Each structure stands twice: as C-alpha cells, then as structure tokens.
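What you see is a predicted model; the values in this text were computed from it and never measured. These values consider heavy atoms only, across backbone and side chains, with no hydrogens, waters or symmetry-generated copies. Start at 1 with the first residue, then count along the sequence.
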Amino acid sequence: MRTQKVYESKDMMIDLIRDNYNVLQALGSFGINLGFGDKTVEEVCKDNGVECRTFLVIVNFMVNGYFSGEELAYIDIDTLMHYLQANHKYYLDFQLPFMRKELSDSLNSEGRVEKLIMDFYDAYAAEVRKHMKYEEDRLFPYIESLLSGNHDTSYSIETYAKHHGMADVKLKELKNIIIKYLPGDSLRNNMLTATLYDLYNNEGWLQLHTEVENEILVPAIKNLEKNVSAQSGLGEDEASGADEGSGTVLSPREKEVVVCLAMGLSNKEIASRLCISINTVITHRKNISSKLSIHSVAGLTIYAIANNLVDINSAKQ
C-alpha cells in the first residue's frame, strides 16, 4: 500500500521502515545494516557512506511510485549503480535459490505435475539470470565508460530501454499451475500456499526493480550521455585551454567556469550548468590555476570581479 508520504533527510529511519517494511531489502542493497537506533535518514546514510539524496529518491519512488524529472539533478549515478548491482546479487545468489528450495520442499514429490512446476520455475529463473547477465556484461560497463568520459556510440541507453523487460510470462504460468494444483493434504496445501505468497511478493519486488531502472536509471543515463557528448564536442576549446603556450589568457569556456566558481557553484553544479562532465570541470580548473597562479576560490572570485566577469553583488559572499 502506497503511503503518499515523501520522506526527507531529517525523518527517522525507523519511522520510514515502520511505515514501509518492504523497504527493508533496499537497505541491504544500499549497504545499510540494521541497528541504527533513533538516527535520522541523513545520519544513517552518512554512517554507511551512502549518498542521502539518491537514497531518498529511490526510497520515495518505491513508496509512492513517483519520480520527478527535477530530481535527476540529485541522482548520484555511482550510488544508483551500486544499488542495482547489489539487487542483482541478492536476487541471483539468494532469492532465486531460496524460492526454488521452498517450492521443492512444498511439493515433496517427484510426480509429473510436480516436475512440471519445477521445470517452469527453472525456466523462469534462467530468463531472469539471462536478463541480469546482459545488464552486467553490457549495460553496466557502458555506464562506467560514460562516467569516465568515454561514449561508446555503438550503444546507447535508448537501445537498452527499447528492449528492457523482465521475464514474467513463465512466472504467471507457474503461479496458475500452483493455484490450480493444490494437494488435498492440508500440510502440503499450507506449505504450497505460503510458497505461492512468497512468489507473489518476489514478483512485486522484481517489478519494482525494473521500474527503478526504467524510470530513474534510463533518464539519468540519458542526461549523462548528453553531458559526455557535449564534452566531446568541445574538443577544440578544451585543447586550447590546455595549451601551455596560451599564457594567461583564459578561453571563453574557462571564463565561464571562473564565473560559476565566483557564484559559489560546486563542480557538479558547474558541470550541469555548462553541460560538461565533472572531469572536464576539474581539468578547466587546473588550467585556470596554472594560467593565473590562483588556486583558491576566493582568489578566483576577486579575479572575476576585477576583470568584470561578474558583478560584485553576484559573487558569493
């Protein structure tokens, strides 16, 4: 049941979990352990080295099923990637084997129908493994390459999105068979009903994982692709900025970076504002410091004011 409450960094983590117990597994995927006492979401994230805003975007999406495009600016892709990869490990290494054993134990027979049920489950598990292996072998390395500033134009997140879907046909058939085949023995009936309940829960969890990829990962990577492409398109400007023979003359792009710094923007905010990567921002800052022999933001702010790049009222006080 969706609570429609939007959780914030100052909320107590125990309240978030108490209201939404289905978020418990997500904690493990973020690397957050239990035993956090009465700490806030922000404090728990800080203690566990988790980027809080990204955590809240994903958790609020899980709780309310809503993701605003404005929140893209808050997404730390490294944190999102870690979460998705941990989800894969959880499902492949723990949940799939666990459900298979639970199903096998509840059937407790090697009859024809029982074998058919297990065959359906194994086929479903194989499709899930194939889907996740594709992401680990193709999608995740592609994203890591983008984060390094390299754009493999033979692939794109749009290509992934067009063919993205989770194996659910076989699972639906499996559930139909179980529902239609309930043994008369009350003990086995109870065990099989409990297994069916777990299958429904895990189907919901896997669907939510897919929605996070579709609604959050895909637009976030589209944004990253644009930034990396823009960076590639600025090759001549960046090359001139790195030219040691250019003396103390700043390129137009370097002046833009100085203005942003004088306004108090962070590297990430500058990258977003200028549609370049954070690595490119860092490179520009090194070139600027080398040319001007000014290494502090305060010094660059004074330079920007003195050279009429910004008005004194626009500079960060």
Side-chain angles (χ1 to χ4, degrees), residues 1 21-30 58 61-62 65 81-143 155 157 159-218:
M1 181 177 179
Y21 67 87
N22 59 322
V23 173
L24 274 171
Q25 196 280 320
L27 294 184
S29 292
F30 278 108
I58 294 175
F61 177 78
M62 294 175 65
M81 288 276 289
H82 176 82
Y83 167 78
L84 293 174
Q85 289 170 322
N87 270 356
H88 281 198
K89 184 173 179 59
Y90 164 80
Y91 207 79
L92 296 177
D93 296 350
F94 173 75
Q95 202 59 40
L96 282 178
F98 173 83
M99 287 193 297
R100 191 185 195 286
K101 184 179 187 307
E102 185 180 23
L103 181 59
S104 179
D105 289 346
S106 63
L107 294 173
N108 194 29
S109 173
E110 295 183 358
R112 183 176 180 181
V113 176
E114 287 82 359
K115 185 178 185 305
L116 180 61
I117 290 175
M118 294 308 301
D119 286 346
F120 264 101
Y121 179 81
D122 288 339
Y124 161 72
E127 285 196 13
V128 173
R129 292 184 185 279
K130 180 180 178 181
H131 171 88
M132 290 187 172
K133 187 176 188 305
Y134 166 79
E135 292 183 350
E136 291 170 356
D137 291 348
R138 188 67 180 97
L139 176 65
F140 293 162
Y142 169 72
I143 295 174
Y155 189 72
I157 195 66
T159 300
Y160 164 79
K162 286 179 179 178
H163 303 287
H164 184 229
M166 190 52 71
D168 59 356
V169 175
K170 285 185 170 60
L171 184 59
K172 290 177 180 177
E173 292 183 33
L174 170 63
K175 290 185 299 183
N176 286 337
I177 291 174
I178 294 175
I179 292 170
K180 292 177 181 180
Y181 175 70
L182 289 175
D185 177 273
S186 60
L187 175 61
R188 291 180 61 199
N189 185 82
N190 289 340
M191 292 177 64
L192 200 53
T193 300
T195 300
L196 182 63
Y197 183 81
D198 285 344
L199 287 173
Y200 272 104
N201 278 342
N202 280 280
E203 179 186 28
W205 178 89
L206 200 58
Q207 179 60 38
L208 188 55
H209 171 82
T210 303
E211 289 174 1
V212 169
E213 291 178 324
N214 287 338
E215 302 300 325
I216 299 179
L217 178 69
V218 169

Checking Q25 against Y90 for the side chain to side chain donor-acceptor pair (under 3.5 Å) test, could you report, in this order, the C-alpha distance in whole Å, the side-chain angles of both residues, the deciding distance, and whether it holds?
CA-CA 9 Å; Q25 196 280 320; Y90 164 80; 5.0 Å; no

Are [X] and [Y] close enough that some pair of their side-chain heavy atoms sits under 4.5 Å apart?
X    : Y    : answer
F120 : L103 : no
M62  : E211 : no
L217 : L139 : yes
M132 : N87  : no
E102 : L199 : no
Y134 : R129 : no
M191 : L196 : no
Y160 : E135 : yes

Identify the two heavy atoms, one from [X] and one from [Y], that lie closest to each other, and give their separation to 0.1 Å.
X    : Y    : value
L206 : Y124 : CD2-OH, 3.3 Å
Y121 : L96  : OH-O, 2.5 Å
P97  : L92  : CD-O, 3.4 Å

Donor-acceptor pair between H209 and E213 side chains, under 3.5 angstrom:
yes

Not counting sequence neighbours, list each pair that qualifies as a salt bridge (Lys or Arg N to Asp or Glu O under 4.0 Å) and has a residue in residues 84-97.
K89-D93

Ring pair (Phe, Tyr, Trp, His ring centres under 6.0 Å) assessment of H88 paired with F140
CA-CA 12 Å; H88 281 198; F140 293 162; 5.5 Å; yes

